[in-house]
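Starting off with a structure, shown below.
These numbers come from the heavy atoms of this one structure, side chains and all, not from hydrogens, waters or symmetry mates.
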Amino acid sequence: MDLKALYNQIIVENSRAVHNRHKVEHATAVLEGVNPSCGDDITLELKVSDGIIKDAGFTGTGCAISQASTSMMIDLITGKTVEEAKNFLNLFYGMIKGDITDDDQLEVLDDIVSLKGISHMPGRVKCAVLAWHTLEEALDGKTESKGCSDGEL
Amino acid sequence: MDLKALYNQIIVENSRAVHNRHKVEHATAVLEGVNPSCGDDITLELKVSDGIIKDAGFTGTGCAISQASTSMMIDLITGKTVEEAKNFLNLFYGMIKGDITDDDQLEVLDDIVSLKGISHMPGRVKCAVLAWHTLEEALDGKTESKGCSDGEL
Amino acid sequence: MKIIRDDFPILSVLENGKPLIYLDNAATTSKPLAVLNAVETYYRMDNANPHRGVYELGARATKAHEDSRKIVGDFLNASSDEIVFTQNATESLNLIAYSYGIEFLKKGDEIVLSVAEHHSNLVPWQRVSKITGAKLVYLYPDNMGHLTEEELDKKITSKTRLIAVAQVSNILGIEIPIDSIVRRARNAGAVVVLDCAQSIPHMIVDVKALDVDFAVFSGHKLYAPMGIGVLYGKKDLLDKMPPFLTGGDMIGSVHEQSSTYAEVPRRFEAGTRNVGGEVGLAAAINYLNSLGWENIKNHEKELMTQALKGLTDIPHITIYGDPSPDKRHGVISFNVEEVHPHDTASLLDSDGITVRAGHHCAQPLMEYLKINSCVRVSFGIYNTKEDVDIFINSLKNVRGLMGYGS
Amino acid sequence: MKIIRDDFPILSVLENGKPLIYLDNAATTSKPLAVLNAVETYYRMDNANPHRGVYELGARATKAHEDSRKIVGDFLNASSDEIVFTQNATESLNLIAYSYGIEFLKKGDEIVLSVAEHHSNLVPWQRVSKITGAKLVYLYPDNMGHLTEEELDKKITSKTRLIAVAQVSNILGIEIPIDSIVRRARNAGAVVVLDCAQSIPHMIVDVKALDVDFAVFSGHKLYAPMGIGVLYGKKDLLDKMPPFLTGGDMIGSVHEQSSTYAEVPRRFEAGTRNVGGEVGLAAAINYLNSLGWENIKNHEKELMTQALKGLTDIPHITIYGDPSPDKRHGVISFNVEEVHPHDTASLLDSDGITVRAGHHCAQPLMEYLKINSCVRVSFGIYNTKEDVDIFINSLKNVRGLMGYGS
Ligand SMILES: Cc1ncc(COP(=O)(O)O)c(C=O)c1O
Ligand SMILES: Cc1ncc(COP(=O)(O)O)c(C=O)c1O
């Protein structure tokens, strides 16, 4: 995998993409997700009504991969139904675990497919997964996240 | 080392040699030595006066090597001075540890030299040493022996 | 299965100038090339500290570590997160004693052991008993070496909170009635700790089918390297247990005055893991699976049958426990009348045959059998009919060499 | 010392398609052929359960076990019976915490640690503190990473009963003033536990000259296999300590309800030992001795000097601790401004360079330094000037690749 290309094309832009870095007015869910071992720390805010994710945003700090992954996720889920979001979630987990490799199947994930190569970097998987993990817990109505605890990376 | 020859020539006879299996009248030292892990258990009795080991004997049970070694030791030390016995002791330890290999030097140990090969059988060293260890403690005036504790053989 | 001898380089060394007849497999086993090569390959290709590097080599080490865990889990029919790597069965048992026993037992409770337990499954419970006040209760085998239903009924009561037993005793070689024990444990609300050190080299241990709460074994008795052991624990039990060893890798977060701990199984794996050993263990399991467990069982049964027949035919030999091959796995312990076990072992050794003599880390059983020590012969997958013949023939000479008529 | 690279097979693997530049030696080291061969030879020629067989093969295994102990003892300038084999430094520290700390400390006593301790030398003392009521007191380094005399004066008092410190921190790489600490410990009547995990790969540790009471290290950081660690303890201290792990081999005699324990060091070695690991450790020590410690020190000093110069020349880099090579051993930790350490590590990795990023099992130090994590580069005997050049050059590109002007 050409890691530099990955960093170059996707992550750098996205990690600085500011359009998703904001609080959400009248949020229906606010959840902080933390990777204690590496300090990635994001707070995801969602506004869900009628089963549709009307608005989403985040604040927080962390490595480029965690921040980019969060921003790209928000781009993807905003305006989608909760069902669709959960479907993306499973696709994303499948991709990151290396279980789903078929590009056609992954196509709906849009530019998030650029994170596919992370499946070969087990040490960084947690960074990419944090946002999605937090989303999953938020959609499940959790008010406190367990984070992706995995000891020391 | 021809172990069978060792067993054959020396140990079998000595282990049954009954002449040293006796209590000592007016003993000045009586000490029990035990190898807890293999159950060798001898009680050594000495009568020392004027610095001379006037009489010695033993009772107990154990493997052929421990019993033979005890009997041969008693043959050697009876009638000798305490100094001489201590000298034998050091020679014996040296031989069993494999530190002293020169036959001329070991000659004074008489037929005990037949135990020399035990130095190549670390698992059995303890059996051969028990009597000597008990003798050392008895001559040092100990009234309780620590045995040659070495955990499980 | 004769052909597999070539897989084990050590079998061609000399013992006292004679071809080695290795019959001390219950103490430790020889390692097949598949295991030696797997370990060497790990160190030549993938060695790094698992879970610590974000780099590719570190990922390979982490994968080697977690793949090994998966192979062990599959082998026991457990899931990976129920498998804790330790250094040996002894540490696994100490971990349970400390993190479960000391934590959850109290005065008035009873811990049930068999008097045949190995010291490693006995001394840790003495400590638990001393610290918690729980009472140690012993199961005594009948004169054939079996634990009877009556004995189980008598000892496993409503007070029983924990039962720690070897599936196969390292001296008697007899398989205990584990189903009966687990059934009673369930009624009593007790947990069952199964010491598989001597069973797992000879049979498939399915922890789910047996429904035991904990199971432990050592790699080195299963043709794997030394320095690697396994603890299986039911997930819900492990989850509620505090850590045993503490330090790097097993933490959640650490502050100056307090810490939180990682999820299981990592909570119980403190400090850098023995990944080489884990890889070796996984390779050993794969090797055994490829031989086929039915083949292994049949082969070992043949050896056992032959050896028991040979032994019962020699006069002046006492065998400890039921001498029928159906009940036996791996080991036979015996004594030659009037000959000290160490002398027996040394004389066999002069013919190149390695057996063990001593109390075999089971002094309470020795006391119970009213012997001080005994000789133990134990078989592995690479032993042959010829090995047994040579052993029996050599044994026939022992009393003669010790100066007895026969 | 370039020629020795051929002794280490793993150094020729590829990392992300590039030649591997292994710079995570503080996590674990690569193994020379001398070590791999020694272990393999042990398993091919001498493998048996030490202390258990009366037969010749068993004697060879016992000899391998005890000879290794002697080599480790000589290496530390200790006698053999002061050397306990464990699985890693973490277990060694737990053993001291349990068998010395919990046993001999009490409320009102103070345990002194540095805030730079590795979790393995920190979490066990938290447990001791919790159980005994002894207080944990932290030494804080000055802004160059040094422990000052004033700080030592302030924290090491008449209440201090135990001081546990790493001779070299795994993050700062700075050697602590161990002589000053031991002197104060003697006055206070405290024992000193020296964690040599990061010092011993880089210098001779003479426990008698240092006059420390305990010292620990891990084999895998000293070019030996994983799964083997060492505890040194002064004989009179070990003698009065109760056992930690219990089970086979560490007992005197066992009865149903009570047991006595073996003499040290065996009292602390429960269950079957990792003889293969011990043999590997002994081979590693012999290998290092044959290279010569002066050569090793000079070589590593050159690398350290070059790396520190290179790092200080790059803008936007923060080095943690004194950047003068004289005070440093093995490791340099740093951060690239505005770049997360994991991203730095991944970008270096894409050039084949393995460094570590994270909290390095030293979270309290991270808190103290007010950072969340950092990048660590660490050197071994086989690293070269070229390795350092490649590392520095790759690092220069990191900020650019992350989209920063420079
Ligand atoms: C200073 C220090 N102490 C202790 C340890 C623990 O060593 P191990 O993980 O081998 O037990 C380490 C390494 O991880 C270390 O760097
Ligand atoms: C039945 C049984 N349990 C436990 C053990 C302890 O195994 P280890 O010494 O490998 O820890 C052994 C072997 O020594 C054993 O035979």
Nearest heavy atoms of C:Glu56 and D:Leu14, plus distance in Å: OE1-O, 4.3 Å

Largest heavy-atom contact set with chain D, pairs under 4.5 Å, which of C:Glu278, C:Glu117, C:His118, C:Glu367: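 Counting heavy-atom pairs under 4.5 Å, the top option is C:Glu367.
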
Structural part of C:Ser346 lying under 4.5 Å from a heavy atom of chain D: both

Option that, when pairs with chain D are counted at under 4.5 Å, heavy atom only, ranks first among C:Phe8, C:Tyr22, C:Tyr98: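 Highest number of pairs under 4.5 Å: C:Tyr98.
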
Region of D:Leu20 in contact with chain C, defined by heavy-atom distances below 4.5 Å: side chain

Which atoms of D:Arg273 approach chain C - backbone, side chain, both or neither, heavy atom under 4.5 Å: both

Verdict with reasoning, D:Asp349 to C:Leu57, per side chain to side chain contact (heavy atoms under 4.5 Å, CB included): CA-CA 10 Å; D:Asp349 188 35; C:Leu57 186 64; over 6 Å; no

Part of C:Asn274 within contact of chain D (heavy atom distance under 4.5 Å):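 Both parts, backbone and side chain.
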
Choice from D:Ala345, D:Ser30, D:Ala48, D:Gly277 maximising heavy atom contacts with chain C below 4.5 Å: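 Sorted descending by pairs with chain C, the first entry is D:Ala48.
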
Toward chain D, the part of C:Ser12 with a non-hydrogen atom under 4.5 Å: neither

Contact class of D:Ser350 relative to chain C, heavy atoms under 4.5 angstrom: neither

pair C:Pro243-D:Arg127: side-chain heavy atoms closer than 4.5 Å: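 Yes. Closest side-chain heavy atoms under 4.5 Å.
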
Sub-6.0 Å ring centroid separation between D:Phe244 and C:Phe244: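 Yes, the ring of D:Phe244 comes within the 6.0 Å limit of the ring of C:Phe244, centre to centre.
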
Whether over 12 other heavy atoms sit under 6.0 Å from D:Lys135 NZ: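 12 or below, so no.
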
Top of D:Ile353, D:Leu95, D:Asn94 for chain C proximity - count of heavy-atom pairs under 4.5 angstrom: D:Asn94

Interface residue of largest heavy-atom contact number with chain C, from D:Ser258, D:Ser129, D:Ala89, under 4.5 Å: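 Among D:Ser258, D:Ser129, D:Ala89, the one with the most close pairs to chain C is D:Ser258.
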
Side-chain donor-acceptor contact under 3.5 Å, D:Glu91 with C:Gln87: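 There is such a pair (donor and acceptor under 3.5 Å, judged by atom type) between the side chains of D:Glu91 and C:Gln87.
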
Non-hydrogen atoms of D:Val13 and C:Arg44 that approach each other most closely: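 Where D:Val13 meets C:Arg44 most closely, the heavy atoms are CG1-O, 3.6 Å.
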
Test item: C:Tyr55 and D:Val355 side chains (from C-beta on) under 4.5 Å apart, heavy atoms: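 Contact flag for C:Tyr55/D:Val355 side chains = no.
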
Best-contacting candidate, D:Leu136, D:Leu348, D:Ile228, against chain C by heavy atom pairs under 4.5 angstrom: D:Leu136

Among C:Leu11, C:Asp46, C:Thr272, residue most engaged with chain D (heavy-atom pairs, under 4.5 Å):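 Of C:Leu11, C:Asp46, C:Thr272, C:Thr272 has the most heavy-atom pairs under 4.5 Å with chain D.
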
Candidate pair D:His220 and C:Asn49, rule side chain to side chain contact (heavy atoms under 4.5 Å, CB included), full reasoning: CA-CA 9 Å; D:His220 72 94; C:Asn49 205 320; 3.9 Å; yes

Side chain, backbone, both or neither of D:Val254 within contact of chain C (heavy atoms, under 4.5 Å): both

Steps toward side chain to side chain contact (heavy atoms under 4.5 Å, CB included) verdict (D:Gln257, C:Tyr138): CA-CA 10 Å; D:Gln257 300 293 341; C:Tyr138 283 91; 3.9 Å; yes

Spacing of D:Thr246 atom OG1 and C:Asn121 atom CG [to the nearest 0.5 Å]: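 Spacing of OG1 (D:Thr246) from CG (C:Asn121) equals 10.0 Å.
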
Shortest non-hydrogen contact from C:Thr28 toward D:Asn47: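 So the minimum-distance heavy-atom pair works out to CG2-ND2, 4.1 Å.
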
Distance-only side-chain donor-acceptor flag, C:His255 / D:Gln363, under 3.5 Å: no

Side chain to side chain contact (heavy atoms under 4.5 Å, CB included) evaluation trace for D:Thr90 with C:Glu269: CA-CA 10 Å; D:Thr90 301; C:Glu269 296 181 340; over 6 Å; no

Proximal component of C:Leu122, with respect to chain D [non-hydrogen, under 4.5 Å]: side chain

Contacting region of C:Pro50 [heavy-atom separation from chain D under 4.5 Å]: side chain

Over all atoms of both residues, closest heavy-atom pair of C:Gly248 and D:His119: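 Minimum heavy-atom separation between C:Gly248 and D:His119: N-CB, 4.0 Å.
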
Value rounded to 0.5 Å, distance of OH in D:Tyr43 from CE in C:Met226: 6.0 Å

Closest approach of D:Gln126 to C:Ser259 (non-hydrogen atoms, all atoms of both residues): OE1-OG, 2.6 Å

Residue part contacting chain D, namely of C:Val275, when any heavy atom lies under 4.5 Å: both

Heavy-atom closest contact (C:Glu40 atom, D:Glu40 atom, distance):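 Minimum heavy-atom separation between C:Glu40 and D:Glu40: OE1-OE1, 2.8 Å.
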
Minimum side-chain heavy-atom gap D:Pro9-C:Met45 below 4.5 Å: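 No - every pair of side-chain heavy atoms lies 4.5 Å or more apart.
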
Winner by heavy-atom pair count (cut-off under 4.5 Å) against chain C, out of D:Leu33, D:Asp24, D:Thr354: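 Greatest number of close heavy-atom pairs with chain C: D:Thr354.
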
Chain D contacts, top residue of C:Gly229, C:Ala61, C:Pro225, C:Gly276 (heavy-atom pairs, under 4.5 Å): C:Pro225

